[in-house]
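The basis for the numbers below is simple: all heavy atoms, side chains too, and nothing from hydrogens, waters or symmetry mates. On a predicted model such as this, the values are computed, not experimentally measured, just so you know. In what follows, every chain begins at residue 1, and chains take the letters A, B, ... in the order their sequences are listed.
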Number of protein chains: 2
Amino acid sequence: MEEHHMKPDTEIRAMLSGHKATQGRIRLLGILRKASAPLTIQELLQRLGKNAIDKVTVYRIVKILQKESVIRQIDFQHGHAHYELAHPENHHHHFVCIRCGKTKDFKNASMENLLTKASKGSPDFPLVKHHSLEIFGFCRNCTKKHP
Amino acid sequence: MEEHHMKPDTEIRAMLSGHKATQGRIRLLGILRKASAPLTIQELLQRLGKNAIDKVTVYRIVKILQKESVIRQIDFQHGHAHYELAHPENHHHHFVCIRCGKTKDFKNASMENLLTKASKGSPDFPLVKHHSLEIFGFCRNCTKKHP
DNA sequence: TTAGCTGCAAAAAGTTTGCAGTTCC
DNA sequence: GGAACTGCAAACTTTTTGCAGCTAA
């Protein structure tokens, strides 16, 4: 009886598509999988436990996973990148509070349809890989406090 | 006969909404106005002419203009921010080539409608200020060269 | 065994801060 | 005149690079 439903080894290996399945990479993928919001490099390091993996290695793993389309980079305009698993079946976007930084997932079927169409590309950009959509504003708390 | 159609002084002052209309700010706004694509801080500095305005001042001007919603920040996932004038009447998004970095404006009326609706906000995010939408892929050139 | 991965040190790139002097209104 | 703005120096944060040693396949 496995308490933490772990992805089977083969699944992890598939995500790494040819790259070596090292301890660090497996743990990092596990952390992203459990995360409820996109994480920064710093947050990944914290969750990995200090001294567990070097910062540089995390940057390198993240770059590989991004190129393999396993994770996607997200910009909350906070001055550093965030990363989340790129589940195609659970694609979503984000609200971002300009004041307090809080974020929230955001899903919209019609939007998804349009973006899928846009994914067919245009004459100048025939091959679309992914997209990013963030909505910026004030969350409920910050709206109350703000004139 | 004015060759370069300059915004009248009053219009520039309006854009600065209360902040002082210094030479640097006026020139920076002029440059953004003429730009055909979102510019980085470095590109702004180049176009301003070396030694004309200090890098730090450009950062500060950009921050003010962004807060006043005169310009908007755009992330091409190139490791640094880009900025463009925020014309509400000419709102658009961008294609970004993952390989060569080329970008292209992208407009879609239906998308605009949906995003306008999303701008009404949600219970958790009642006040929406702006949004960002970028589509990443390969441009025609890079599609040809790439397997 | 060995190609690929990692850690460490160092550097590069991007952005922010403090303060003294200057400029716009 | 005075609040707002700017330049310069310095610091800070984020990300990249080089290289020697380690590890998964």
Side-chain angles (χ1 to χ4, degrees), chain A residues 8-31 38-68 70-83 98 101, chain B residues 9-29 31 38-68 70-83 98 101:
Chain A
D9 203 55
T10 53
E11 221 174 310
I12 294 268
R13 290 185 130 65
M15 294 175 92
L16 287 166
S17 58
H19 300 275
K20 288 188 181 172
T22 62
Q23 282 307 304
R25 287 170 181 185
I26 291 165
R27 291 187 51 215
L28 193 148
L29 280 170
I31 288 166
L39 302 178
T40 63
I41 298 289
Q42 296 305 323
E43 289 167 336
L44 281 169
L45 280 167
Q46 281 165 216
R47 283 170 173 67
L48 284 162
K50 290 292 179 204
N51 318 328
I53 307 187
D54 190 79
K55 187 177 32 155
V56 174
T57 301
V58 172
Y59 274 104
R60 290 196 267 229
I61 296 176
V62 152
K63 183 161 280 181
I64 287 175
L65 293 176
Q66 201 181 351
K67 180 171 281 179
E68 299 295 353
V70 172
I71 66 178
R72 57 196 204 102
Q73 181 178 333
I74 292 161
D75 177 46
F76 290 155
Q77 307 201 348
H78 289 170
H80 43 246
H82 290 244
Y83 300 91
I98 297 167
Chain B
D9 204 56
T10 53
E11 222 173 308
I12 294 267
R13 290 185 130 66
M15 295 175 92
L16 288 167
S17 58
H19 299 276
K20 287 187 181 173
T22 62
Q23 281 308 303
R25 288 170 180 185
I26 290 165
R27 290 188 51 216
L28 194 148
L29 280 170
I31 287 165
L39 302 179
T40 64
I41 299 288
Q42 296 307 323
E43 289 167 335
L44 281 169
L45 281 167
Q46 282 166 218
R47 283 169 172 68
L48 284 162
K50 291 292 177 202
N51 317 330
I53 307 187
D54 190 78
K55 189 175 31 153
V56 173
T57 302
V58 172
Y59 274 104
R60 288 197 268 229
I61 296 176
V62 153
K63 182 160 281 179
I64 287 175
L65 294 176
Q66 200 180 350
K67 180 170 281 180
E68 299 296 353
V70 173
I71 66 179
R72 58 196 202 103
Q73 181 178 335
I74 292 162
D75 177 44
F76 289 155
Q77 307 201 346
H78 289 171
H80 42 247
H82 289 244
Y83 299 92
I98 297 167

task = Please state how far atom OH in A:Tyr59 lies from atom P in C:dA9, giving the value in whole angstrom units.
result = 18 Å
task = Determine: side-chain N/O of A:Arg25 to OP1/OP2 of C:dT6, distance under 4.0 Å, yes or no.
result = yes
ask   = Below 4.0 angstrom from OP1 or OP2 of D:dA4, is there any side-chain N or O of B:Thr22?
value = no
task = Starting at atom CG of B:Leu39, determine the distance to atom C1' of C:dG14, rounded to an integer number of angstrom.
result = 17 Å
message = Tell me the interatomic distance from A:Asp54, atom CG, to C:dA9, atom P, rounded to whole angstroms.
response = 9 Å
message = Heavy atoms only, 4.0 Å cut-off, all strands: where does B:Gly24 land among base, sugar-phosphate and nothing?
response = nothing
request  = Starting at CG of B:Asp54, measure out to CG of B:Leu48 and round the result to the nearest 0.5 Å.
outcome  = 11.0 Å
query = Can you find a donor-acceptor N/O pair under 3.5 angstrom joining the side chain of A:Arg60 to the base of C:dG4?
reply = no
ask   = OP1 or OP2 of C:dC5 sitting under 4.0 Å from any side-chain N/O of A:His19?
value = yes
remark   = Whichever of B:Lys63 and B:Arg13 has the more 5' nearest nucleotide on DNA chain C, that residue is B:Lys63
remark   = Looking only at C:dT6, D:dG7, C:dT15, the nucleotide nearest the B:Ile53 side chain is D:dG7
ask   = Atom CD1 of B:Ile61 and atom P of D:dA4: how far apart are they, to the nearest Å?
value = 16 Å
ask   = OP1, OP2 of D:dT6 versus side-chain N and O of B:Lys20: anything below 4.0 Å?
value = no
ask   = B:Gln77 CD to D:dT16 P: how many Å, rounded?
value = 12 Å
inquiry  = Can you see whether A:His19 engages A:Glu68 through a side-chain donor-acceptor pair at a distance of less than 3.5 angstrom?
reply    = yes
inquiry  = Within this structure, what is the CG-CD1 distance for the pair A:Leu16 and A:Ile26, rounded to the nearest 0.5 Å?
reply    = 7.0 Å
message = If I take atom CG in residue A:Leu45 and atom C1' in nucleotide C:dC8, what distance separates them, rounded to the nearest angstrom?
response = 15 Å
Smallest separation among heavy atoms of B:Leu28 and B:Leu44, with atom names = CG-CD2, 4.2 Å
query = To the nearest angstrom, how far is B:Gln42 atom CD from C:dA12 atom P?
reply = 15 Å
task = Identify the two heavy atoms, one from B:Gly101 and one from B:His78, that lie closest to each other, and give their separation to 0.1 Å.
result = O-CE1, 3.7 Å
ask   = Is any side-chain N or O of B:Lys55 closer than 4.0 Å to OP1 or OP2 of D:dC8?
value = no
message = What is the separation between atom CD1 on B:Ile64 and atom C1' on C:dT15, rounded to the nearest whole Å?
response = 16 Å
note = Between B:His80 and A:Ala52, the residue closer to the 5' end of DNA chain C by nearest nucleotide is A:Ala52
